[in-house]
Amino acid sequence: MMALALLRRYGTLIGFVLILAVFWISLPETFMTARNWLNTTQQLSMLMVVAAGMTIVMAMGDFDLSVGSAASLAGIVAGALFIAGYPPAMAVGAALAIGLAGGAINGVLVSVIGILPFIATLATLTIYSGLAFVISGGKTISGKSIPESFGNFAREGLPLGEVGGVALMLPNLTIVAVAVVFLVWVLLEQTTFGRRLYAIGGNIEAAYLSGVPVRRLKLAAFALTGLSAAGAGLMYASRVASANPTQGSGLMLNAIAAVFLGMTMSEQGEPRILATVIGVLILGVLDNGLTQLAVDSYIRQILVGAIIVLAVSAGALGKRGRR
Amino acid sequence: MMALALLRRYGTLIGFVLILAVFWISLPETFMTARNWLNTTQQLSMLMVVAAGMTIVMAMGDFDLSVGSAASLAGIVAGALFIAGYPPAMAVGAALAIGLAGGAINGVLVSVIGILPFIATLATLTIYSGLAFVISGGKTISGKSIPESFGNFAREGLPLGEVGGVALMLPNLTIVAVAVVFLVWVLLEQTTFGRRLYAIGGNIEAAYLSGVPVRRLKLAAFALTGLSAAGAGLMYASRVASANPTQGSGLMLNAIAAVFLGMTMSEQGEPRILATVIGVLILGVLDNGLTQLAVDSYIRQILVGAIIVLAVSAGALGKRGRR
Amino acid sequence: QSKVAVITPYLAQPGTQFYVEAFQAVAKEKGWDVNVIDTSGDVAAVISRIEDVVNQGVDAIVINVDPAQVTAGLQSAKNANIPVVGMDAGSDPLLATNVTSDGVAMAETTATYVVDRIGAKGNVVMFVFDAFPPVQIRGAKADEIFAANADIKVLDRITPDVSDGGIADSRAKMEAVLAANPASGSISAVWAAWDQPALGALQAIEAAGRQGEGIVITGIDANPQAREEVAKGGNLEATVAQDFTGIGTAAAEAVAKLLAGETIADPVIFVPTKLVTKENAAN
Amino acid sequence: MTLLSLSHVAKAYAGVPALSDVNLTLAAGEIHALMGENGAGKSTLIRILAGVIQPDRATIEMDGRPVTFESPGAAHRLGLRFIHQELNTVPALSVAENIFVGRRYPTRAGVFVDWRQLHATARAALDRLGITHVDTRRKMGSLSIGDQMLVRISSAFLSEAGAPARLYVMDEPTAALTREESERLFRVLREIRAGGGAVLYVSHRIDEVMALCDRATVLRDGTTIDTGRVAEITHDDLVALMIGRKVGEAYPPPATRPSGEVALVAQGIGNGALADVTLRVGKGEIVGIAGLSGSGQRELLRTLFGDLPLRRGTLELDGRPYHPKSPADAWRAGFAYVPRERRSEGLVLSRPIFENVTLAHLASQSLGGTFLRPRAERAFAARLGGDVRLRATGPGQLALQLSGGNQQKVVFARALSGNPRVLLLDEPTRGVDVGAKFDIYSIIRDMTANGMAVILVSSDLPELIGMCDRIAIMREGRMTGTVSARGLNEETLLNLCYGRGAEAAA
Ligand SMILES: Nc1ncnc2c1ncn2[C@@H]1O[C@H](COP(=O)(O)OP(=O)(O)OP(=O)(O)O)[C@@H](O)[C@H]1O
Ligand SMILES: Nc1ncnc2c1ncn2[C@@H]1O[C@H](COP(=O)(O)OP(=O)(O)OP(=O)(O)O)[C@@H](O)[C@H]1O
Ligand SMILES: [Mg+2]
Ligand SMILES: [Mg+2]
């Protein structure tokens, strides 16, 4: 009984640890190194930021399909302002503001007008993506248009000293991702705002009857998700030192997947930010490890899917219980 | 009060009719012609079949992200068997069987193992897509490998006589789509199977305690969705006379969107097959009409999103009621 | 045994597969251990995968993506002294060289073909994709050529949805264009920046029963399906054969040089292209 | 002194009036009962006060000034506190957080939740109702339904700065409570009355109302029939006022004696929740299960019904082994079940009445077991609905549009839909008005006369004593004894439940 309960609760986590162990054994030299992990966290930082934002709306039981487009749009807006000669700080600020506004629009559609989140954010996905195309003329903004300082941000970091003759640094993108995760953690776990979001997610009827201002909170939550998407879009643009109207599109499904993976780790199946972090790491570590093992791209796809199924099965089987 | 109730119930439908009216007025010569509609229905037939299958799982409150990959996989399997020299009927049968099996695997993961549908079908999305790549070697199967009869199927239809000197025909693909919609309608609306799916979708606990065999039904429903995805994949392959490991990928989000659009039309927000048909038509007509109007591709994206928001807003505002 | 990583977001594209195969053929001869990595359209993931293989200590890297967007990865390769070769990528100081077809020249070839065939007069439908730089420059060149002919009107400049491979959505878009322009002769030509939309347009025209109107279609890439159609002598009259195999081979040879410690002087190596028409489509 | 006055309140749903003309005044320092049969409009009136729905027409004054309640938050700010009829909890959150849902959490630095303070305050709120056995850190969803209800109730008594409570509105708070728990609630309500607060109280338990309340207002068909002092009216007259007819006895007498033939035998059954339970129920017999809440009564029913696994022991039905793997098996074997929580466990709320009624035996209502015959289903559901005095616009009405008591009747109608051989009842008459209760009891009696066996779990001791032939007592998953219900009094039964004087009974 005890073992089953542990499996139920920590099934996915155990799966994650097993994945790590397999890679560590197969790649003894390169996988479990500070360098590789610093690299991996940097690679995952954009996804992490979007997934953190996604956790906010998913805590309320909603979700947001438009994050990928919002990320692309933010990158394009910043790029267009760079071209127009605005200082980087201003361009970045404007791009974040666009994200916040885009998120707020989602919030209005969902909470004030009352459109199902799936349709509302699918529609805005299309709209924001269209806007990104229109603003950029469909082209990639890159090269000299992008200020040095902006492109360098993603390349720099906090020096951590040398290990084995190689200089290590904590990448700026990783720092940003950690900071965002911390802020979202505080928001969701330590403030009335966050707790109310969980109340809405757990039983919207009960929350409403108890006087929770459901509409207002939904709006705010969606706005924050939009803001985080814009942040991720800027990180992405900085990392590729260019802005492209489709570059965020891969983020949405992965972010939702990371949150869902995390949800398999919480007792009542609610999204939790720290569990989302594990979800992101699972997705990222699989990619990193399988690439290092030089597994064929197609086989890798199959393996990623199969491993995810296995990782969550243990927890699911334990949880199945009655039905 | 009466007007509001009508708006609530038929908001999206009214939106659809308005869209039709605008296109009719802007394109008096070409939009509302038999020819254009036969064409449009043919274009939409694959999406219609997938969306019909999606309606089945969504009636239970689940959904299936793997339909696009399953469609691609079915096309590739048929293509590979064509190359291997099997007769078309056998290749088609095998591809459909693969779809059914893939759907059943989703069903097992969701209902027997108990994985959240989102994760389970996202994982199988990756797996089926990987399989399609592996089987095809990543290449498009086309040309002489595809039997004439298979490629011709999508080009032929039921002759409807001549109108204005042009021969009209009811395309085979449209006939298939209508047949699938009819079958799904019978299944969901006229049989105990469908009634029980809706009960599960309404309150799974109550359905279970009332003796509904939840696990078995979920498995069957997912299997049927997989079958429909495979059918759509074959239709697609026939239409483009080739099979490509990614060709189904656009279907998933659109199919879910169509069902959700339909859901805005039913009183309790449950998916209904006939409402799904309207959802598919809305998506398709927007594309068709805006392209005929030669609206710039990017602006068209924005318009599609905005029009969807407007079309469902009326219904949503009416429904908002309490919260 | 040298380890070489080939990284691309576009492995599903038919062209990419040909050069990857040609590359692998050479690699096999030379006894390299090749790791082909596809990031399914995600450009930032290309950076990540470059970092991964740098970390893993490969001897050379081949990329098939706009280098300007993966500078961070190229930089990390440079820091580790690992040479990077572009395979139909784009020029960049961080690349040892880029092996490619001349996209501008290809677009020029087909656009000029169209202009000649329709007598520099009529309505043209364009299928473009500006989000991908190598295809974007083709569209830009074609724009330029059509704009230079006062009697040519670009009826629509369509960006199809490519997530399904590009044929089906292009066909649907073309069907709508045909429906909106029902008169015979109202569309003179379809210029497509690559073959899939050309095929989609062809199917739409055939399905509408308007193949007799003499609508000229051209593509670029000469993929097998397009070649077959060109050989049939239908509306799809021309496409340009990029020598994918040649690109793959040339890229492999560039890698071989680099592995041998040599340097490559040319920042771009152009592999010649060839216009494919009914006459030469069979070979 | 009048605290709140409501006049000419009207509310219609899609043209069908739920309230037509309700008039009510509440004075500070009184406990005021709101009475009426199922569907009379009590909960609708309360939802209006709570700002959940808006009336079509109403004049509402507080302290003589006109007020409106446009949202639950607004009603709260005006000092109104609610316990709604249905259990509204957030299962994924802790008990403490459930108490604070919708309230301001205590914070440090004005931002961060002060968890220690939160739990301390929640603890105090629970203690006030004597709920010492519930840890504030537990997840709400892991509590028994009775405990969840107690937690919800305690949240109404949270003292708050800024919005002092003046009126407590309670819609059938005791429906899921034991007598002791109810008594503790009454003590608190009396304290509130003594402190000058007011209570509007809804219950179908007439005795409770007679003992607790000062005045009562009776609604019928959405209209105020009468208001008066409780002390000046008799039990029977109050009932007559509510349901428009006299009900003599509360429980119909048994028509025949059980035949003695055995229907169901459980021999030493056990699993995670049950230990060595042995029980036999004869044809035509009604066996009650009594015990403190959380003693395993619910688990016993769920095990018999194939939901919980049978790990040890054997079951026999009509002399043949019976081993259900799922509720579907149980229904097929001739069992029927009325679960405790009608909304979460019983009904598909978004579907019409007839679909809910026929769900368990749908195949037998269909053509060839496959094709639906909605018209026949409607007729069937209408007939069963009539039997249980269901009050609805028709069998096509959605379950969620029904009043609480009428929803309960739908669940009951489903249980009767296949002429069950064994009927498992978990609090079957919760929220059902006195008149309808009598009718339901009569149906049970009729069916037992035809050989149906019944197992009845109820926290309503008079119901157990009034309906059962025998009563089995459970404690911590075990059977501790069985007594004949004849001549049993409530005090003895309660003592048995507490394990006092068990020897005497054995
Ligand atoms: N959402 C709704 N739509 C339509 N009718 C409704 C709705 N809610 C309640 N009603 C109707 O309003 C009437 C009054 O219901 P209400 O819940 O107020 O009764 P009640 O007095 O609380 O009954 P009970 O004792 O059973 O709880 C009923 O006839 C019910 O069917
Ligand atoms: N899912 C669960 N997880 C943890 N504990 C549970 C769970 N379900 C029930 N319990 C606990 O098991 C005990 C029995 O619960 P049960 O619901 O059977 O109570 P009960 O006998 O029906 O009493 P009541 O009349 O109070 O509902 C309770 O202490 C309850 O808190
Ligand atoms: Mg009520
Ligand atoms: Mg119990």
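Just so we're on the same page: letters track the sequence lines, and every chain starts at 1. Small disclaimer: the values here were computed from a predicted structure and weren't measured.
Expressed to the nearest 0.5 Å, how far CH2 of D/W331 lies from OG of B/S210 amounts to 6.0 Å.
Looking at heavy atoms from C-beta onward, B/T192 lies out of side-chain contact with D/Q365 at the 4.5 angstrom threshold. With a 4.5 Å cut-off on side-chain heavy atoms, B/N203 and D/L349 do not count as touching. Within the 4.5 Å cutoff, no side-chain heavy atoms of B/E270 are placed close to those of D/S350. Using a 4.5 Å heavy-atom threshold, the side chains of D/T370 and B/F193 count as separate.
The closest donor-acceptor contact from the side chain of D/D307 to the backbone of B/L209 lies at 3.5 Å or more, if one exists at all.
Annotation: residues 402-413 of chain D contacts chain B through no residue [non-hydrogen atoms, separation under 4.5 Å].
In this structure, no portion of D/R342 lies under 4.5 Å from any heavy atom of chain B. Contact annotation for D/T358: only side-chain heavy atoms (C-beta onward) come within less than 4.5 Å of a heavy atom of chain B. Contacts between D/L398 and chain B at a heavy-atom distance below 4.5 Å involve the side chain alone, from C-beta outward. Proximity to chain B (any heavy atom under 4.5 Å) is shown, for D/F371, by both the backbone and the side chain.
Salt-bridge check for D/E377 with B/R195: passed, with a basic side-chain N closer than 4.0 Å to an acidic carboxylate O.
Across D/S344, D/S71, D/G15, D/S326, the residue that shares the most heavy-atom pairs under 4.5 angstrom with chain B is D/S344. Chain B forms the most heavy-atom pairs under 4.5 Å with one residue out of D/A360, D/P327, D/G369, and that residue is D/P327.
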